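One structure is given below, encoded as structure tokens.
Treat the numbers as computed from the prediction; the structure is a model and nothing was measured.
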Amino acid sequence: MATSDPTPPPTPPQAAQASVRNMEAKAVLLLAFMLALLVGAALYLLYARGAFEQTQRLVLITDDSQGAAVGMDLTFSGFPIGRVRRIELAEDGKARILVDVAREDAHWLRQSSVFTLEHGLVGGARLRAFTGMLTDPPLEDGAVRPALRGDVSEEIPLLVASAREVVMNLAAITAQHAALRTSLSSLQTTMEHLNSERGALRVLMGNETDARKIVTALDRTNALLARLDGLTARADAQVFGPDGVMSDTQATVRQLKALLGEARDSLQQVNAVLKEAQAIGANTREATADLGTLRAEAENSLRKVQGLVDEINRKWPFARDTELKLP
Amino acid sequence: MSAPLSLGSALREMGLAALRWLAGWWRIVLLGAEILALVFSPASYRGERRASLLHQIYRATAPSLLWFTVLTSLLSLVLIRIVVVTARSYGLSQYALEMVVRVLVLELIPLIATLFVAVRYSVPRATDLYEGRAAGGLTAPGSPAPGVLASDLLPSVLAGMVAVLTLAALSCLVSLVLAYLTVYGFSSAAFMSYTRIVGHVFNPAVTLILCLKTLFFSLAVSLVPISVALREPPRPLSRTSLELQGLIRMFVVLLAVEVASLVGNYY
């Protein structure tokens, strides 16, 4: 580097410094302020990125991760509770979305929670969690769950196809020779028949002759009912009249009641006799027990007498020669 | 009447101009390398040089800090209001804050702070140095002595960089606060959701690009005008002054950095 070139004279700072008091201290303060700003911004960004929060891992499996992005939120009821940290391709060809869920919000996720990856018409995709049963066991760390896809733009062609089918069906229904139009004309004819004399019967039976038969049958039924009425009056007199069946029945019932009273008295007397017989039986049982004792004592005495006789027989002069002499 | 220039001489003129242009960039890079070497030299921060550095830092930053912040606050308020009201009218209010943070903090405020420091400090400082160079009877291109580099150029360049970083950081902070207050009012209830939106915008790649962009902006605005004023040989036939040449080169660098950051952020 050439050092022999003429150089611009350095600006002497003393003159300018003299106009500002404690300029060096203020400059140092400015530097400290700048450093504080930069460090504060860095710490705030780290905090905003979730560097200081405790998390647990959730793995969502989907067949298409389009729309998912690293850093996007997992929301529950509209509140962000987790962030997508990584998206990778699994060995089976499905996408694995690794989500870090804040520990303090992890209790909203349960074993039965459902996760969806939705695409709106406007804006990016949304990753949402739904928990129907908050009493289920909590979702464990590292849980693997499928993410259901809900794509509005994918639904539009299906929706249009369905709407078109519905419109075509409507057109077919309302066509000139369609079934609905024929049915309506038939209904109109039927209504005209209904408004005529004996219209309802004619609609039901289909022709005038059968409708007249129905009317005739009704007349005959009325006559039959009148005769049945007289028959019933006569039966009433025979059953419930002064000399009817019911009076005799009542007398019979009274006699039966008297007979039952007498039978009750007889049964009471039989009961007393049975009690007496029961007492006699008890006495007999006791006597039988005494007889057993007496018999035992008599047998004992007899055995003693037998023993005494045997003893006397063994003794002389009553002793018998019991020796057998062979010839 | 001068004779019409022949094609050969015109081509030679163009080639010479291109060479001069490239040589100018080379001189800027060379001065940048020398300044960088001085930055890591402890001798640059001792005695008179330290006093000179602190003086330049104060001169570059302190007079502009307050009213630049007020100016950017007003601009931010207007832009935030426009974006939020427009987004709300289209039913896209959930994207308004993200858009405000992106437009203001990532794009506008660093550029405005850079241009502000260029107009308020770097270009006048380069003019001062050029006048000093002219008063010293310097008529040929060359490098200043190492003592002058350390005592005058290094403080000027570092002061410009500190001014850009401080103004940009403070204005970004004020804009973020104003965006929050405009959307949510004086309530701390939405702080967590707002922080989450800010965290969304500032993913690692975007943050790195913002830091690099602001750093290169500050370097360009501090180095290029001073380098042109000190190293560019005077051209009596040229209709543009050295200050204007420095400004043009500075704008070229700023444009290149801005384009590179846009490509990095959005492609």
Side-chain angles (χ1 to χ4, degrees), chain A residues 1-20 22-42 44-51 53 69-73 75 78-84 102 105 120 122-124 126, chain B residues 30 34 48 50-59 61-62 65 90-92 94-95 125 128-148 151-152 155-156 162 165-166 169-170 172-173 176 192-204 207 230:
Chain A
M1 189 179 295
T3 56
S4 59
D5 293 334
T7 59
T11 311
Q14 287 81 6
Q17 285 171 21
S19 61
V20 182
N22 300 322
M23 200 211 60
E24 284 195 17
K26 288 177 180 173
V28 170
L29 273 178
L30 266 177
L31 281 174
F33 177 65
M34 184 196 76
L35 282 176
L37 271 178
L38 295 180
V39 171
Y44 176 69
L45 285 184
L46 284 173
Y47 173 70
R49 296 285 302 169
E53 68 183 9
V70 173
M72 74 183 289
D73 285 334
T75 59
F79 286 85
I81 59 170
R83 280 190 182 87
V84 173
D105 296 323
V122 179
R126 289 183 302 171
Chain B
L30 205 60
E34 290 166 10
E48 282 273 324
R50 180 172 174 274
S52 175
L53 175 64
L54 290 176
H55 169 71
Q56 291 299 332
I57 287 175
Y58 183 83
R59 191 182 148 195
T61 312
L65 196 60
Y90 285 106
L92 302 171
Q94 68 267 35
Y95 305 109
R125 179 69 183 147
D128 286 348
L129 290 172
Y130 179 69
E131 283 170 359
R133 168 187 169 188
L138 185 64
T139 52
S143 299
V148 176
S151 63
D152 254 22
S156 303
V162 168
L165 292 178
T166 309
L170 183 63
C172 287
L173 178 69
L176 284 176
M192 289 309 294
S193 63
Y194 182 70
T195 299
R196 212 166 177 97
I197 292 171
V198 173
H200 254 293
V201 174
F202 285 91
N203 61 48
T207 310
L230 283 184

| A:Leu37 and B:Leu173: side-chain contact (heavy atoms from CB on, under 4.5 Å), yes or no, with the steps? | CA-CA 8 Å; A:Leu37 271 178; B:Leu173 178 69; 3.8 Å; yes
Please round to the nearest 0.5 Å and tell me the distance separating atom [atom1] of [X] and atom [atom2] of [Y].
| X | Y | atom1 | atom2 | result |
| --- | --- | --- | --- | --- |
| A:Leu35 | B:Leu165 | CG | CG | 10.0 Å |
| B:Thr166 | A:Leu38 | OG1 | CG | 7.5 Å |
| A:Glu24 | B:Arg50 | CD | CZ | 5.5 Å |
| A:Met23 | B:Arg59 | CE | CZ | 11.0 Å |

| field | Portion of A:Phe33 that has a non-hydrogen atom of chain B nearer than 4.5 angstrom | value |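 Side chain only.
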| A:Leu31 portion near chain B, given a 4.5 angstrom heavy-atom threshold |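 Contact with chain B: side chain only.
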| said: Run B:Asn203 and A:Arg49 through side-chain contact (heavy atoms from CB on, under 4.5 Å) and show every step you take. | reply: CA-CA 8 Å; B:Asn203 61 48; A:Arg49 296 285 302 169; 3.7 Å; yes
| Heavy-atom distance under 4.5 Å to chain A: side chain of B:Thr207, backbone, both or neither? |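 When you check distances to chain A, only side chain atoms of B:Thr207 fall under 4.5 Å.
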| query | Side chain, backbone, both or neither: which part of B:Leu65 has a non-hydrogen atom closer than 4.5 Å to chain A? | reply |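 Contact with chain A: side chain only.
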| said: Looking at every heavy atom in both A:Ile81 and B:Arg196, which two are closest together, and how far apart are they? | reply: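 So the two residues come closest at C-NH2, 4.2 Å.
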| request: Locate the shortest heavy-atom distance separating B:Val198 from A:Tyr44; write the atom from each residue and the value. | output: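 Minimum heavy-atom separation between B:Val198 and A:Tyr44: CG1-CE2, 3.9 Å.
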| Side chain proximity check, B:Met192 to A:Pro80, heavy atoms < 4.5 angstrom |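 SC-SC contact between B:Met192 and A:Pro80 ruled out.
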